[in-house]
There are 2 protein chains.
Amino acid sequence: MAQKSRAEMMEETRAKLIAAARKAFADKGYADASMDDLTAAAGLTRGALYHNFGDKRGLLAAVVDQIDGEMAARAQEQANRKGGSDWEKLLAEGRAYIELALEPEVQRIVLLDGPAFLGNPAQWPSQNTCLSATITTLERINKAGGIKPIDIEATARLLTGAALNAALWVAASEDPETVLSKAIEAFECLASGVLREQPDS
Amino acid sequence: MAQKSRAEMMEETRAKLIAAARKAFADKGYADASMDDLTAAAGLTRGALYHNFGDKRGLLAAVVDQIDGEMAARAQEQANRKGGSDWEKLLAEGRAYIELALEPEVQRIVLLDGPAFLGNPAQWPSQNTCLSATITTLERINKAGGIKPIDIEATARLLTGAALNAALWVAASEDPETVLSKAIEAFECLASGVLREQPDS
DNA sequence: TCAATTAACATACGAAGCGTATGTTTTTAT
DNA sequence: ATAAAAACATACGCTTCGTATGTTAATTGA
């Protein structure tokens with residue numbers, strides 16, 4: 001089909017705006033990103049913005065949603081690649097979260113600006129994408145009787161929180177390579193706290 | 001002395017501005033807080049602001065510093081109150097962090113707005129106030145040979161990160177009472193991962 | 001098929017806020 | 001006592017956001 005339908009055009013402009021926003025938000029931060037510049041870079045005007053996303057925050061929410069989806073997919077991929085036990089999958093997820101959060105785009109938009117302008121991340125619908133994966137893995141381990149009798153969701157929240165914070169620490173360090181390995185070690189150490197018995201490693 | 005020196009006057013206006021900023025930032029958030037309104041509420045104008053703090057961000061930094069100092073002091077107080085072993089002190093600190101982070105003022109200003117407008121908290125000088133306390137406690141436990149051979153700072157970073165994230169979760173929940181106890185349980189569980197042997201509890 | 005309506009934007013407008021540049025007054029220094 | 005500087009207040013310009021109002025093209029209904 002050479003002709004694009006109206007709905008397709010709409011989706012295309014939405015995609016262009018989101019793409020331009022990802023770049024602008026990542027480069028300048030949400031607060032310093034001008035909507036005039038952003039929309040112009042996408043070959044549009046602010047009119048398209050307010051028609052499609054309501055306001056500036058709406059665009060940020062859409063961007064966060066998109067990034068979060070990509071994060072969850074990539075983390076799952078990493079976790080499933082190596083196979084292994086559910087426990088090893090949990091550790092792989094944690095490592096993946098840390099490494100994903102090292103990307104400037106994720107860090108600036110999702111970890112720094114997101115909470116300030118979209119509010120408490122614990123209330124985001126998207127945050128649950130990454131989180132539910134961890135919950136699922138924890139529940140599997142739990143059904144096998146491998147962990148202590150604690151609240152699954154609470155544990156998942158703390159683990160992901162620790163991972164994201166670790167990423168911020170690594171990003172701020174002057175020697176990310178070695179600091180990253182330290183962070184991953186510490187993460188696996190803390191995670192082992194949920195086990196009934198010490199792992200083999 | 002009935003007369004106040006010039007330096008005292010200066011400190012007084014700084015204190016008034018910081019106090020007004022704490023209230024305004026906590027109520028409306030940093031982005032939506034008007035400097036005109038804020039300074040007027042302190043009985044001053046924006047002139048005083050830019051003379052004392054450089055810009056809006058400078059005022060936020062001062063506010064964050066003050067709150068962080070109070071947090072560290074209160075957490076230490078809580079940890080030392082019950083006495084007990086270093087291990088119990090570590091758990092008490094974690095619990096204190098979670099409970100402190102539940103206060104709307106701390107949450108809005110330090111956890112949500114701070115990172116967005118002051119940048120990565122891992123680079124803040126003030127963040128180290130709370131963190132170094134945890135590091136100190138961990139080192140004490142380490143010297144007694146009680147923990148696994150992992151990086152102390154990394155562990156402290158992850159533990160505080162987990163605590164702060166837990167607080168955001170509790171704050172967003174509809175039943176903070178029970179969720180808080182779950183979060184504290186999970187925290188202690190994860191923290192026990194650093195121990196060589198399972199604690200007595 | 002052809003008006004009429006609506007969707008998808010663009011343009012124009014008004015208001016608010018930040019930072020700076022420029023006063024103004026009161027100490028401090030010499 | 002006069003000059004200098006500190007501690008603010010006032011005034012100004014610039015940017016930006018959200019909305020209100022066009023404008024064009026597609027869709028609907030008879």
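The sequence lines fix the lettering, A, B, ..., with proteins before strands; numbering per chain opens at 1.
- Ion pairing between a basic and an acidic side chain is recognised when a charged N comes within 4.0 Å of a carboxylate O; K143(B) and E139(B) show no such pairing.
- Using a 4.0 Å cut-off between a side-chain N of Lys or Arg and a carboxylate O of Asp or Glu, E153(A) and R157(A) qualify as a salt bridge.
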Would you please test L90(A) and L159(A) for side-chain contact (heavy atoms from CB on, under 4.5 Å) and show each step? CA-CA 10 Å; L90(A) 183 73; L159(A) 281 178; 4.3 Å; yes
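- Distance, F53(B) CZ to dA7(D) P: 13 Å, rounded to whole Å.
- The nearest whole Å value for the distance from the CZ atom in R14(B) to the P atom in dC8(D) is 10 Å.
- Remark: T13(B) is in phosphate contact with dC8(D), judged by side-chain N or O atoms under 4.0 Å from OP1 or OP2.
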Might you list the N or O atoms of the protein lying below 3.5 Å from N or O atoms in nucleotides 17-22 of chain C, with each pair's distance?
| unit_1 | atom_1 | unit_2 | atom_2 | d |
| --- | --- | --- | --- | --- |
| dC18(C) | OP1 | A33(B) | O | 3.2 |
| dC18(C) | OP1 | K56(B) | NZ | 3.0 |
| dC18(C) | OP2 | M35(B) | N | 3.3 |
| dG19(C) | OP2 | Y50(B) | OH | 2.4 |
| dG19(C) | OP2 | K56(B) | N | 3.4 |
| dG19(C) | N7 | R46(B) | NH2 | 2.7 |
| dG19(C) | O6 | R46(B) | NH2 | 2.3 |

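- When the P atom of dC17(D) is taken as reference, atom CZ of F117(A) falls 11 Å away, rounded to whole Å.
- Proximity of N52(A) to the phosphate of dC9(C): a side-chain N or O atom is located under 4.0 Å from OP1 or OP2.
- What separates CE of M10(A) from C1' of dC9(C) is a distance of 9 Å, to the nearest Å.
- Classified by interplanar angle (parallel below 30°, tilted 30° to 60°, perpendicular above 60°), the ring pair F117(A)/F117(B) is perpendicular.
- In this structure, the side chains of E99(A) and R74(A) stay at 4.5 Å or more apart for every pair of heavy atoms.
- Separating the CG atom of L49(B) from the P atom of dA9(D) is a distance of 10 Å, rounded to the nearest angstrom.
- L38(A) has its CG atom 13 Å from the P atom of dG18(D), to the nearest Å.
- Counting heavy atoms from C-beta outward, L180(B) and I184(B) have side chains that approach closer than 4.5 Å.
- E12(A) has its CD atom 14 Å from the C1' atom of dC9(C), to the nearest Å.
- When the P atom of dT10(D) is taken as reference, atom NE2 of H51(B) falls 16 Å away, rounded to whole Å.
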